[in-house]
Asker: 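Please see the structure below; I have some questions.
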Number of protein chains: 2
Amino acid sequence: MAFMIAQRAFIKLYLISMVEEHHGYGYEMLEEMKARFESFGYSPPQSEIYRALHELVHDGVLYRTKQLKGNDPKVDFQEIVIYHFTDDGHEKANLYKKQVKVDLDRCIGMLTKAATDNYK
Amino acid sequence: MAFMIAQRAFIKLYLISMVEEHHGYGYEMLEEMKARFESFGYSPPQSEIYRALHELVHDGVLYRTKQLKGNDPKVDFQEIVIYHFTDDGHEKANLYKKQVKVDLDRCIGMLTKAATDNYK
DNA sequence: CGATGAACAGTATGTTCATAG
DNA sequence: CTATGAACATACTGTTCATCG
């Protein structure tokens, strides 16, 4: 058993949730996570987001489609990669989320214990 | 800012507390940590304990003395390394603990947030 | 087996670079 | 500046090996 939850797993968890809510693309989800955790002084590195997305694709949870950002191609030619769940992606994702939840609770327990054990 | 607290810092925190309470030696403190976190499925590796102790010595927080385990040398010749605070070791340790506390709370906050954000 | 230490190997992570529009 | 991807370097961790009594 590893000591703490891996950053990768933490990010994957949010990516799954964000794809559930609004089939997003990498950069957008990166910015969303940065905003969410800015107050914690945590800024997820760009490379980790893409690696996590690639892994989720590799694991058969997500698949990719490409499209141009904005409805009018004349205005913005920026190509973006949109992520969707595969046929059994939701099932796989829920299983993964369950596993992460266990680890999440375990980590919270350990850190809370450390806070009470060492600061009396 | 790193994502999560490092295992090393987590272990150092406990080592400092254990030295405060009963000038212990490496193996003993390893076993104590193992026992404390057995229910979490976490078993701190032996190498990390010693590395952490070496770093605390290197950082001028602790110094080492050697002695034979057991009062009667004829019974047990096992040599053990006892750790003590240096002159300004307590001061340094308290500063370190303060810093770790901040990080500990930050990590608990992030993990708790993740638990509420992704499991509704 | 208890006790300490070091070497080695792998992997996760952070930084930088590359490309494109 | 948005957007994606890969390369590179390294810090951290886990496993194994070495030694001693």
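Throughout, protein chains are lettered first and strands after them, A, B, ... in sequence-line order, and every chain is numbered starting at 1.
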Asker: Side chain of B/E48, heavy atoms from C-beta onward: which of D/dT2, C/dT4, D/dG14 has the nearest atom to it?
Answerer: D/dG14
Asker: I need the CZ-P distance between A/F10 and C/dA12, as an integer number of Å.
Answerer: 17 Å
Asker: Can you tell me which residue pairs pass the salt bridge (charged side-chain N to carboxylate O under 4.0 Å, His left out) test with a partner in residues 12-28 of chain A, sequence neighbours excluded?
Answerer: A/K12-A/E55, A/K12-A/D59, A/E20-A/K97, A/E21-B/K120
Asker: Check B/G60 against B/T86 and note the closest heavy-atom contact, atom names and distance.
Answerer: O-OG1, 2.7 Å
Asker: Enumerate all atom pairs, one protein N or O and one N or O from nucleotides 5-8 of chain D, separated by less than 3.5 Å.
Answerer:
unit_1, atom_1, unit_2, atom_2, d
D/dG5, OP1, A/R64, NH1, 2.6
D/dG5, OP1, A/R64, NH2, 2.8
D/dG5, N7, A/Q46, NE2, 3.0
D/dG5, O6, A/Q46, NE2, 3.0

Asker: Provide, to the nearest angstrom, the distance between the CD atom belonging to B/E32 and the P atom belonging to C/dG2.
Answerer: 16 Å
Asker: Counting only side-chain N and O atoms of A/Y27, is one of them less than 4.0 Å from OP1 or OP2 of D/dT4?
Answerer: no
Asker: Using a cut-off of strictly less than 4.0 Å, decide whether A/Y25 has a side-chain nitrogen or oxygen near OP1 or OP2 of D/dT4.
Answerer: no
Asker: Can you list everything that forms a side-chain contact (heavy atoms from CB on, under 4.5 Å) with B/S43? Sequence neighbours excluded, please.
Answerer: B/K34
Asker: CE of B/M33 versus P of C/dA3: gap in Å, rounded?
Answerer: 17 Å
Asker: Within 45° of the axis and under 6.0 Å from the centre of the six-membered ring of A/Y119, does NZ or CZ of B/K101 qualify?
Answerer: yes
Asker: Report the distance from atom CD of B/E31 to atom P of C/dA3, rounded to the nearest whole Å.
Answerer: 8 Å
Asker: Using rotation axes that map the C1' atoms of four end pairs onto the next four (five pairs an end), what angle separates the end axes of the helix from C/dC1-D/dG21 to C/dG21-D/dC1, to 10°?
Answerer: 30°
Asker: Should A/F3 and B/F40 count as side-chain neighbours, where that means a heavy-atom distance under 4.5 Å?
Answerer: no
Asker: Take the protein atom CZ of B/F3 and the nucleotide atom C1' of D/dA11, then report the distance between them rounded to whole Å.
Answerer: 17 Å
Asker: Check the surroundings of atom NE2 in A/H58: do more than 12 heavy atoms from other residues, nucleotides or ligands lie under 6.0 Å from it?
Answerer: no
Asker: Under the salt bridge (Lys or Arg N to Asp or Glu O under 4.0 Å) rule, collect the residues that match up with A/R64, sequence neighbours excluded.
Answerer: none
Asker: I need the CG-P distance between B/L15 and C/dT4, as an integer number of Å.
Answerer: 12 Å
Asker: Please state how far atom CD1 in B/I49 lies from atom P in C/dG2, giving the value in whole angstrom units.
Answerer: 16 Å
Asker: Check DNA chain C against residues 97-114 of chain A and give the residues with a non-hydrogen atom under 4.0 Å, in numerical order.
Answerer: none
Asker: Would the number of heavy atoms belonging to other residues, nucleotides or ligands and lying under 6.0 Å from CD of B/E91 be above 12?
Answerer: no
Asker: Where do A/G26 and A/I49 come nearest, in terms of heavy atoms and distance?
Answerer: O-CG2, 4.0 Å
Asker: Would you indicate whether the side-chain heavy atoms of B/R51 and B/I11 approach each other to under 4.5 Å?
Answerer: no
Asker: In whole Å, I'd like the distance from the CD atom of B/Q7 to the P atom of C/dG10.
Answerer: 19 Å
Asker: With a 4.5 Å cut-off on side-chain heavy atoms, are A/Y42 and A/Q7 touching?
Answerer: yes
